[in-house]
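Atoms considered below: every heavy atom in the structure, side chains included; atoms not considered: hydrogens, waters and symmetry mates.
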Amino acid sequence: MAGGGSGRGRPQAQPGAERGPTPQSRGGTARRQFHGDRRGGGGGGRFSSAGPSRPPPPELHQAMPPAPSQGSAFSSHEQQFQQPSLHGEASSSHGISKSMRFPQRPGTGSLGSKCVVKANHFFTELPDKDLHQYDVSVIPEVKSRARSRDIMRQLVELYKVSQLGGRLPAYDGQKCLFTAGPLPFKTKSFNITLSEEEDGGGGGGQRPEEFKVVIKFAARANLHHLKLFLEGRVAETPQDAIRVLDIVLRESPSARYLPVGRSFYSPDLGRRHSLGEGLETWRGFYQSIRPTQMGLSLNIDMSSTAFIEPLPVIDFVSQLLNKDVSARPLSDADRVKIKKALRGVKIEVTHRGDIRRKYRISGLTTQATRELTFPIGDRGTRKSVVQYFQEKYGFNIQHTTLPCLQVGNPRRQNYLPMEVCKIVEGQRYFKRLNEKQITALLNVTCQYPQDRERDIIQTVHHNAYDDDEYAKEFGIKISQSLALVDARVLPAPWLKYHDTGKEKDVLPRVGQWNMMNKKVVNGGRVSNWACINFSRNVQGGVAHRFCHELAQMCQISGMDFVLEPILPVLSSRPDQVEKALKERFTDAMKILKPQGKELELLIAILPDNNGSLYGDLKRICETELGLISQCCLTKHVFKTGKQQYLANVALKVNVKVGGRNTVLVDALTRRLPLVSDVPTIIFGADVTHPHPGEESSPSIAAVVASQDWPEVTKYTGLVCAQTHLLLSFYRANGRKPERIIFYRDGVSEGQFLQVLVHEVQAIRNACDCLEPNYQPPITFVVVQKRHHTRLFANNHADHRSVDRSGNIRPGTVVDTKICHPTEFDFYLCSHAGVKGTSRPAHYHVLWDDNRFTADELQSLTNNLCYTYARCTRSVSIVPPAYYAHLAAFRARFYVAPEKSDNDSMASGAGGRGARGTRAPGNAATSSAAPVPVKPLPALKENVKRVMFYC
């Protein structure tokens, strides 16, 4: 978990002038078309087979299955919708046009109060050097970048003056070498000798290993194109030139620290902290060179990640199992846990004095050390491991009941007792952390903004880029000061509540408000509900009182909620979840079905540590029974003064049963830019990938879409086709969408073009299969949170410019200086910080038929962040993208409930789950064949219609 502060504006349990409508004609022509085509805005009214004739949409070189056959109306396709199967890795970029261009910036915004903020970007002067690129071949082939760097470092040390013309080359650790000026040859071979990299081979000391290195001229790196790009005179990003400069600036840190992705770690960069179970955190920093409006910028941020503690293996195992392993034999479950944790870990032996040979663990023996023997010589005689270590090394093995480690080649029997092994320092832990470890890591990485800013500046000074020999060689100069950036604070929107409350509307203060004296704008109705208690610590009477208190809070919040359940509270064991759910559902329906009624809500009380119970319950309720559920943890049942918690749960219950909590006043008065003027649908989409170590699980995509125009607060959908959501919008509003706004989360910069081509085409296909020539204008915006730009107040002591956490104020937007040189992007910190340093969301427009101005898109996005249903705070990313993440995360319980870690997903936990929208972990690079993926089970129809994932 690299990365830093946790002031992400996560939902918490709560204590309790824009422009008018714009003409529809603006929806017609995009600023930047793929082929310069003009597109109409999709007329209003009902669907029919006949419609105004339009030119066909521009071809996007679609690399996907053909669309369904066209039909005459939405309703005629109702039976064609189906749950698609899950997505694995993204398909290749077959057919993607290199000539595509993203929308250009439509000018900068002016709305809001002006201010100045500091950004962790450091201005970088372009070198005035003649850069050359060379291809590098190493024979025999070396797969480790670290080993390749050692070889090149040795080559430069030996031949810099005599053979390389005094040049100091920068090497990427793979196939490319760069120099500031030509080498005195076109191609040349070098012989390099290094000590053998120890990997668990035979005994003995280090042996020399010889390599042949061939360096061959490849090309000259053109920095002129990069200069033109930074000046806005060419549109295509010169990634090759940027990569060269990035490699140059990574050379010195790579030699001093341990590189992990774009970050560098060292135990010398900060105090280590234990995470438990044999893991610890190392402090480090992230470094990346980026093209911006101010020129090249070096982005520096603090980070921390998990490493395996360099402990004796016996101590590591004791920490892992949280017990004294010498006291009693290991159970089968213990062995499995040890084997999983230690496989692939590098260790060194400690029983041979100064000879500290290193090995990589390949497995664990099934027998105890005292039972292990191995063949000696060719006569078939065998010797015990205990006897061998006594005779060979004079070492008496004490822990003979423990298994041995299998090291080196798995096909050879090579045993090492645990007590003679120590874990080698500097091994990053790539597998998934448990909840306690995640919490410990967040506590370590969490820094107040002024502390983080101080550490970033100290890191820049410590790295001494002015004295860096590679930066000097290539003529790169780095500023020592954070960039000062012009920013604006957008105003918070007025929110509408029900007229029967004492407060009918509210203007949030510093990104938050509460439900005191307010009632939800549209209260849901719950007439028939039940409760199942799965916690043995909660007695029946306590559970009944808790449910009664929750029902009362729902009434106070403005819902039509019957106080008593249809049946008494049922207590059940967690391992009987399926039986309990189905029996209680059947009992309730025996009463309700003759009356033509349904069971509308299940309240479930769960143990605080509930394993797979939460996921199993959600899967059964939503895909088998068609039952909306609300889970509550035991700790909240016993919480004193739990009114604020109950108020927060009531908000979730209301939207789950079809209500609305609040609405933007501007939406009701038809003053939302490019939303209020014509029927507009707002999509959110996200893809969650499996955690490291869970590569057998699929990636899951989810799409949600607003169903209530013009309010745009109700979002339905889950891993279902856009076609279904368009039809659902039509049913709810009686009109087809005439404008589409699409917020897409979970996309890295390198995937922009591929995502744009595939997904804009998919939206068009969905429209076209519902009615011929139906092509409403589309705006497609990528939402990014996994970046390292941080914004700090220019003056931390000025209380007018910071919130209570010391972060910049909610609504702060930046679209100058540190943003893209030419394209339409901006940073928006829409939330108030809670803990640590707030991370602004980065919005990048990839397609814009609707021709948004900067103010229009920025204010719309900021306003939407105040409509998130689960709390009374503005949130850090736009709600449709947030909901899509929740939906995709929920779907993971449907496909593999036994593997989902759901402790953080129970009601009241808040946040975005484990925020699993990461790229697949590095373990995913294994060559194992992909596991066949089953389709997701279908949601019941009544579940689809509401925001069940909240």
Side-chain angles (χ1 to χ4, degrees), residues 13-14 16 515 520 523-593 595 597-611 613-614 616-618 620-622 625 627-657 659 905-909 948 950:
Q14 288 302 306
M515 286 296 294
V520 293
R525 173 177 292 180
V526 177
S527 302
N528 306 298
W529 60 278
C531 174
I532 301 180
N533 171 27
F534 291 98
S535 175
R536 66 180 181 182
N537 294 328
V538 179
Q539 301 303 314
V542 175
H544 182 269
R545 280 195 302 274
F546 173 79
C547 289
H548 188 78
E549 290 173 348
L550 178 56
Q552 284 182 317
M553 180 57 71
C554 289
Q555 285 188 346
I556 293 169
S557 299
M559 293 182 64
D560 182 0
F561 202 108
V562 172
L563 291 178
E564 292 299 322
I566 189 75
L567 291 168
V569 174
L570 172 68
S571 293
S572 176
R573 288 171 20 204
D575 59 355
Q576 298 289 317
V577 56
E578 184 167 6
K579 179 175 180 287
L581 287 171
K582 292 183 176 178
E583 285 185 359
R584 179 74 353 170
F585 181 77
T586 301
D587 292 343
M589 291 310 296
K590 286 178 181 177
I591 299 171
L592 296 172
K593 193 170 184 179
Q595 305 173 36
K597 297 177 181 178
E598 297 290 337
L599 185 61
E600 295 158 340
L601 177 69
L602 173 72
I603 297 172
I605 298 174
L606 309 185
D608 293 333
N609 297 310
N610 53 71
L613 174 59
Y614 177 89
D616 291 339
L617 185 146
K618 293 296 183 181
I620 295 165
C621 285
E622 292 159 6
L625 303 179
L627 181 56
I628 301 299
S629 59
Q630 176 60 51
C631 295
C632 303
L633 295 178
T634 298
K635 63 182 179 182
H636 294 130
V637 173
F638 291 111
K639 185 177 182 180
T640 57
K642 54 178 172 282
Q643 293 304 301
Q644 315 311 329
Y645 165 74
L646 293 173
N648 195 48
V649 173
L651 294 178
K652 298 174 66 175
V653 170
N654 187 49
V655 295
K656 286 182 179 182
V657 298
M905 290 297 294
S907 169
F948 65 93
C950 279

Chemist: Under the 3.5 angstrom rule, does the side chain of K618 hit a backbone N or O of S629 as a donor-acceptor pair?
Modeler: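 Yes, the answer is positive, given that a donor and an acceptor are paired below the 3.5 Å cut-off.
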Chemist: Got a donor-acceptor contact below 3.5 angstrom from the D587 side chain to the L567 backbone?
Modeler: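 Side chain of D587 to backbone of L567: no pair is present.
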Chemist: CG of L581 to CG of L602: how many Å apart, nearest 0.5 Å?
Modeler: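 That separation rounds to 6.5 Å.
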Chemist: Would you find a donor on one side and an acceptor on the other, under 3.5 Å apart, between the side chain of T634 and the backbone of L606?
Modeler: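 Indeed, once roles are kept as given, a pair shorter than 3.5 Å links the two residues.
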Chemist: CG/L627 to CH2/W529 distance, rounded to the nearest 0.5 angstrom?
Modeler: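 One gets 13.0 Å once the value is rounded to the nearest 0.5 Å.
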Chemist: Take F534 and L613 through the test side-chain contact (heavy atoms from CB on, under 4.5 Å) and record every step on the way to the result.
Modeler: CA-CA 9 Å; F534 291 98; L613 174 59; 3.8 Å; yes
Chemist: Only distances under 3.5 Å count here; give the side-chain donor-acceptor pairs of residues 548-559 to other protein atoms, sequence neighbours excluded, each with its distance to 0.1 Å.
Modeler:
from : atom 1 : to   : atom 2 : distance (Å)
H548 : ND1    : E564 : OE2    : 3.4
E549 : OE1    : K642 : NZ     : 3.4
Q555 : NE2    : F561 : O      : 2.7
S557 : OG     : M553 : O      : 2.9

Chemist: Can you tell me which residue among V542, I605, V637 is in a side chain to side chain contact (heavy atoms under 4.5 Å, CB included) with N533?
Modeler: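 It is I605, the one option of V542, I605, V637 that forms the side chain to side chain contact (heavy atoms under 4.5 Å, CB included) with N533.
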Chemist: To the nearest 0.5 Å, what is the distance between CD1 (I591) and CG (L599)?
Modeler: 9.5 Å
Chemist: How many angstroms lie between atom CZ of F638 and atom CG of D608, to the nearest 0.5 angstrom?
Modeler: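 Reported to 0.5 Å precision, the distance equals 9.5 Å.
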Chemist: Can you measure from OG (S527) to CG (D560) and round to the nearest 0.5 angstrom?
Modeler: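 Answer rounded to 0.5 Å: 6.0 Å.
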Chemist: Looking at G524, is its backbone amide N or carbonyl O close enough to the side chain of N654 to form a donor-acceptor pair, meaning the two atoms are under 3.5 Å apart?
Modeler: yes
Chemist: Sub-3.5 Å donor-acceptor pair from the side chain of N528 to the main-chain atoms of I566, do we have one?
Modeler: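 No, N528 side chain to I566 backbone: no donor-acceptor pair under 3.5 Å.
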